[in-house]
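What follows is a set of notes on a single structure, which appears directly below.
Note that the structure is predicted; figures quoted are calculated from it, not measured.
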Amino acid sequence: MDPNSQGVSIEVREISKRLGPNQALNGASCVLSSATLHGLIGPDGAGKTTLMRALVGLLKPNQGEVIFKRRGVQVSFKEVRPHIAYMPQAQSLYPDLSVSEHLDFFRVLYAIPRVHYQARRQELLKATEMEEFISRPAGKLSGGMYKKLGLMCALLSSPEVLLLDEPTTGVDPISRREFWNLLYRLLAHSPILILASTSYMDEAERCGQVHLMENGKILASGEPRSVLTLEGVDSFEALFLKRAAAA
């Protein structure tokens, strides 16, 4: 079955965005299919965060367009916006609020009916293995647990599109692996479109589709192994080094 027939998909067409003196996006194009874990891979300053913000409507491109489709039919951003969750790189959680209080706060923010909230809350706490930490303030969580809390808050509304900006930055290797496993389990149970950006080259091969980004452009897109084979390299680190040498 075509994954785009199951949920929301996004097509980015030649978008450019200037932020002050910097050309943050420079004709970036890619297709983000639903029911897929996409990786936006690139070094710091590649334009990953700017692209994320353009997708979620926080920035308006100077040129180009972002097209949204639901089950293959083009729809307006206004229609899909309530079904998009965005987890920014710099988390804005409240250090004095507990895990439980954060979930209650986001329930009110998303206007989730109580009849649905309790079941969703327990589902997320179990999936993240955070049940025993519900009374712990966010400011006293480890880096990995803090990221899990941010993910739970983003998923509370059962979004169709999940945008994660550098979700594993500053997290230890074990917690990074646990976070990716959470995304796999999420994808296994819903046709959600997940886009996770990262500068960790080893995380690229964890994705179903990768979009390599540098200098505001998408350099290549595709299944990870296919991209590496096409470029004639064994790793994404080697791929970026190869391109840097050729520049």
Checklist entry - Mind checking whether Ile194 and Leu163 have side chains closer than 4.5 Å, heavy atoms only? => result no

Checklist entry - Short question: side chain of Asn26, backbone of Gly216 - any donor-acceptor pair under 3.5 Å? => result no

Checklist entry - Can you find a heavy atom in the side chain of Tyr146 that is under 4.5 Å from one in the side chain of Val171? => result no

Item to check | CA sep, side-chain torsions, deciding dist, call: Arg177, Asn181, side chain to side chain contact (heavy atoms under 4.5 Å, CB included) | outcome: CA-CA 6 Å; Arg177 185 170 63 248; Asn181 287 337; 3.9 Å; yes

Item to check | Shortest non-hydrogen contact from Arg107 toward Leu156 | outcome: N-CD2, 3.6 Å

Next on the checklist: Do the side chains of Lys126 and Glu131 get close enough for a salt bridge, i.e. N-O under 4.0 angstrom?
Outcome noted: no

Checklist entry - Are Leu58 and Phe68 grouped together when hydrophobic residues (ILVMFWY) are joined by side-chain heavy atoms under 4.5 angstrom apart? => result yes

Checklist entry - Is the closest basic N to carboxylate O distance between Arg176 and Asp202 below 4.0 Å? => result yes

Item to check | Heavy-atom side-chain contact between Thr36 and Leu193 under 4.5 Å | outcome: no

Checklist entry - Near Gln89 CD, under 6.0 Å, is it more than 12 heavy atoms from other residues, nucleotides or ligands? => result yes

Checklist entry - Would the number of heavy atoms belonging to other residues, nucleotides or ligands and lying under 6.0 Å from OH of Tyr94 be above 12? => result no

Item to check | ILVMFWY cluster, Met145 and Leu97 together (side-chain gap under 4.5 Å) | outcome: yes

Checklist entry - Do any N or O atoms from the side chain of His116 and from the backbone of Ile112 form a donor-acceptor pair under 3.5 angstrom? => result no

Next on the checklist: Check Glu166 with Lys48, please: is the shortest side-chain N to carboxylate O separation under 4.0 Å?
Outcome noted: yes

Item to check | Residues Glu203, Arg206: salt bridge by 4.0 Å N-O rule | outcome: no

Item to check | side chain to side chain contact (heavy atoms under 4.5 Å, CB included) partner of Leu55, chosen from Ile84, Val161, Val12 | outcome: Val12

Checklist entry - Between atom OG of Ser235 and atom CZ of Phe240, what is the distance when rounded to the nearest 0.5 Å? => result 10.5 Å

Next on the checklist: Please evaluate residues Val99 and Leu141 with respect to the criterion side chain to side chain contact (heavy atoms under 4.5 Å, CB included), reporting the C-alpha separation (whole Å), side-chain torsions for both, the decisive distance (0.1 Å), and the verdict.
Outcome noted: CA-CA 9 Å; Val99 170; Leu141 295 174; 4.1 Å; yes

Item to check | 4.5 Å side-chain heavy-atom contact, Leu162 and Leu151 | outcome: yes

Item to check | Criterion side chain to side chain contact (heavy atoms under 4.5 Å, CB included) on Ile218 and Leu40, from CA distance to verdict | outcome: CA-CA 9 Å; Ile218 301 294; Leu40 188 59; 4.0 Å; yes

Item to check | same_hphob_cluster(Val75, Val56) at 4.5 Å side-chain heavy-atom cutoff | outcome: yes

Checklist entry - So, for Arg18 and Gln23, which heavy atoms are closest and what is the spacing to 0.1 Å? => result NH2-OE1, 3.0 Å

Next on the checklist: Tell me whether the count of non-hydrogen atoms from other residues, nucleotides or ligands lying under 6.0 Å of CZ in Arg185 goes above 12.
Outcome noted: yes

Item to check | Note, Ser34 side chain near Val8 side chain (heavy atom, < 4.5 Å) | outcome: no

Checklist entry - Counting N and O atoms only, with roles assigned by atom type, does the side chain of Lys69 sit under 3.5 Å from a partner on the main chain of Gly7, one being a donor and the other an acceptor? => result no

Item to check | Test item: Lys148 and Glu178 side chains (from C-beta on) under 4.5 Å apart, heavy atoms | outcome: yes

Next on the checklist: Tell me if the CD atom of Glu129 is crowded by more than 12 foreign heavy atoms within 6.0 Å.
Outcome noted: no

Checklist entry - Tell me, do Val210 and Pro224 make a side-chain contact under 4.5 Å, heavy atoms counted? => result yes

Checklist entry - Do Asp104 and Arg121 sit within salt-bridge range, that is, some charged N less than 4.0 Å from a carboxylate O? => result yes

Checklist entry - Does Glu123 use its side chain to pair, donor to acceptor, with the backbone of Arg120 at less than 3.5 Å? => result no

Checklist entry - Can you name the closest pair of heavy atoms from Ala220 and Val227 and give their distance? => result CB-CG1, 4.4 Å

Item to check | Any donor-acceptor N or O pair under 3.5 Å, side chains Thr49, Asp165 | outcome: yes

Item to check | Gap separating the CG atom of Leu124 from the OG atom of Ser158, nearest 0.5 angstrom | outcome: 7.5 Å

Checklist entry - How are the rings of His102 and Phe106 set to each other: parallel, tilted or perpendicular (split at 30° and 60°)? => result parallel

Checklist entry - By side-chain contact (heavy atoms from CB on, under 4.5 Å), which residues pair with Arg13, not counting sequence neighbours? => result Glu11, Glu65, Ile67

Checklist entry - Would you call Leu212 and Lys217 a side-chain contact if the rule is heavy atoms closer than 4.5 Å? => result no

